[in-house]
There are 2 protein chains.
Amino acid sequence: MKTEADSLRARFRDYLSCKGLSFTPQRKLILEYLIRNSSHFNAEELIAIFRKKRIPVSRATVYRTIAHLVDAGFLSQVALESSQSYYEFIANSAHHEHLVCDKCGCIIEFTDPELENRIESVARLNGFEISRHTVHISGICGRCRGQQET
Amino acid sequence: MKTEADSLRARFRDYLSCKGLSFTPQRKLILEYLIRNSSHFNAEELIAIFRKKRIPVSRATVYRTIAHLVDAGFLSQVALESSQSYYEFIANSAHHEHLVCDKCGCIIEFTDPELENRIESVARLNGFEISRHTVHISGICGRCRGQQET
DNA sequence: TTGTGTGCAAAACATTTGCACACAT
DNA sequence: ATGTGTGCAAATGTTTTGCACACAA
């Protein structure tokens, strides 16, 4: 039986071969890591993890592969108020928005059809043709609120 | 009669004196520029404008003053998918969201109470205490759509 | 004098690029 | 041979910082 990971590998291979690029060991290592840890990350975090685990992929290759993965639609860039670019591995998952905790930094994903509808209406009212959209809510998550001394 | 600009100057002076800081000529020049041109900008844009107009404020002072203005609540950082930080002069204006055109880069502001309500509901449902939130919609604006050859 | 502010240049940080070598077709 | 990939180190672009001098309390 074909697992989801298999289909991701196949999709990436297809994307690469369409572009005349090859599925190199380094690209595979990066994809495998993301499949196993699909979530939010930035380039330097990934590089640090690879260094610690002795996974032999250079900084330049990480940046270059991230660009390919974004282009292929496997990663989407998440704009946070940070100096670094954050990415998230979207794979096959549906569109969702983010709640980001100011205290612990955790990122909670949510989907809300009503919210999505409202966004589409607003764009339409303004004559806009949407290509993408993001909703970020910052605050204190339930867990951190529970721990507050005050 | 007290204009809005006067009250902004006063508020900034108050903020500074509360922190034991002074309302220097450079800080005044930056604030005056923003009052007159309240909108979206990044630090390097501002520095370039000041250089062209021969307004004598150094790069370091621009960055340092922006940090103070953010801290004082006069500016808010707008997270775009860019290598530079964007800011917007919020002054007394109500909360609003952004439509950003991929083609011409224009930023349209909008407010939508229903959207805001929905965001609050979603946060509540997830046990989150909101401190701030942003909605960014990217796409093609009405004007650019009109001009498309295709 | 002590605290704070400024400008400059250097440093720091994230990211991109040029180049030489490696590998597969 | 040609095209593509990698790693390294250098370059780039943005933002921050150290330091010496200026100014006001």
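Note that the structure is predicted; figures quoted are calculated from it, not measured. Reminder, nothing fancy here: chain letters follow the sequence lines and each chain counts from 1.
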Geometric class of the A:Y87/A:F41 ring pair [parallel <30°, tilted 30-60°, perpendicular >60°]: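 A:F41 vs A:Y87 ring planes: tilted.
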Parallel, tilted or perpendicular, as decided by the 30° and 60° cut-offs, for the rings of B:F89 and B:F74: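 Geometry flag for B:F89 against B:F74: tilted rings.
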To the nearest angstrom, how far is [X] atom [atom1] from [N] atom [atom2]?
X: B:L21; N: C:dT2; atom1: CG; atom2: C1'; answer: 15 Å
X: A:I66; N: D:dG5; atom1: CD1; atom2: P; answer: 17 Å
X: B:L80; N: D:dT14; atom1: CG; atom2: C1'; answer: 15 Å
X: A:F23; N: C:dA24; atom1: CZ; atom2: C1'; answer: 16 Å
X: B:I55; N: C:dT6; atom1: CD1; atom2: P; answer: 15 Å
X: B:I47; N: C:dA9; atom1: CD1; atom2: P; answer: 14 Å
X: B:F41; N: D:dT14; atom1: CZ; atom2: C1'; answer: 15 Å
X: B:L29; N: C:dG5; atom1: CG; atom2: P; answer: 16 Å

Sugar-phosphate only, base, or nothing, as touched by A:P25 at under 4.0 Å among non-hydrogen atoms: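 The answer is nothing, as A:P25 stays clear of every strand by at least 4.0 Å.
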Position toward the 5' end of DNA chain C (nearest nucleotide), B:V62 or B:K19: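 The residue closer to the strand's 5' end, by nearest nucleotide, is B:K19.
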Aromatic ring proximity B:H98/B:H40, centre distance under 6.0 Å: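 Yes, close enough.
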Worked verdict on A:T134 versus A:V78 for side chain to side chain contact (heavy atoms under 4.5 Å, CB included): CA-CA 8 Å; A:T134 60; A:V78 180; over 6 Å; no
Between [X] and [Y] (salt bridge meaning N to carboxylate O under 4.0 Å), is one present in this structure?
X: B:D6; Y: B:R9; answer: yes
X: A:E114; Y: A:R118; answer: no
X: B:R132; Y: A:D102; answer: yes

Contact state string [nucleotides 15-25 of chain D, B base, S sugar-phosphate only, - no protein heavy atom under 4.0 Å]: BBBB-------
Please state whether the phosphate of [N], meaning OP1 or OP2, lies under 4.0 angstrom from any side-chain nitrogen or oxygen of [X].
X: B:S58; N: C:dC8; result: no
X: A:T61; N: D:dG7; result: yes
X: A:S22; N: C:dA24; result: no

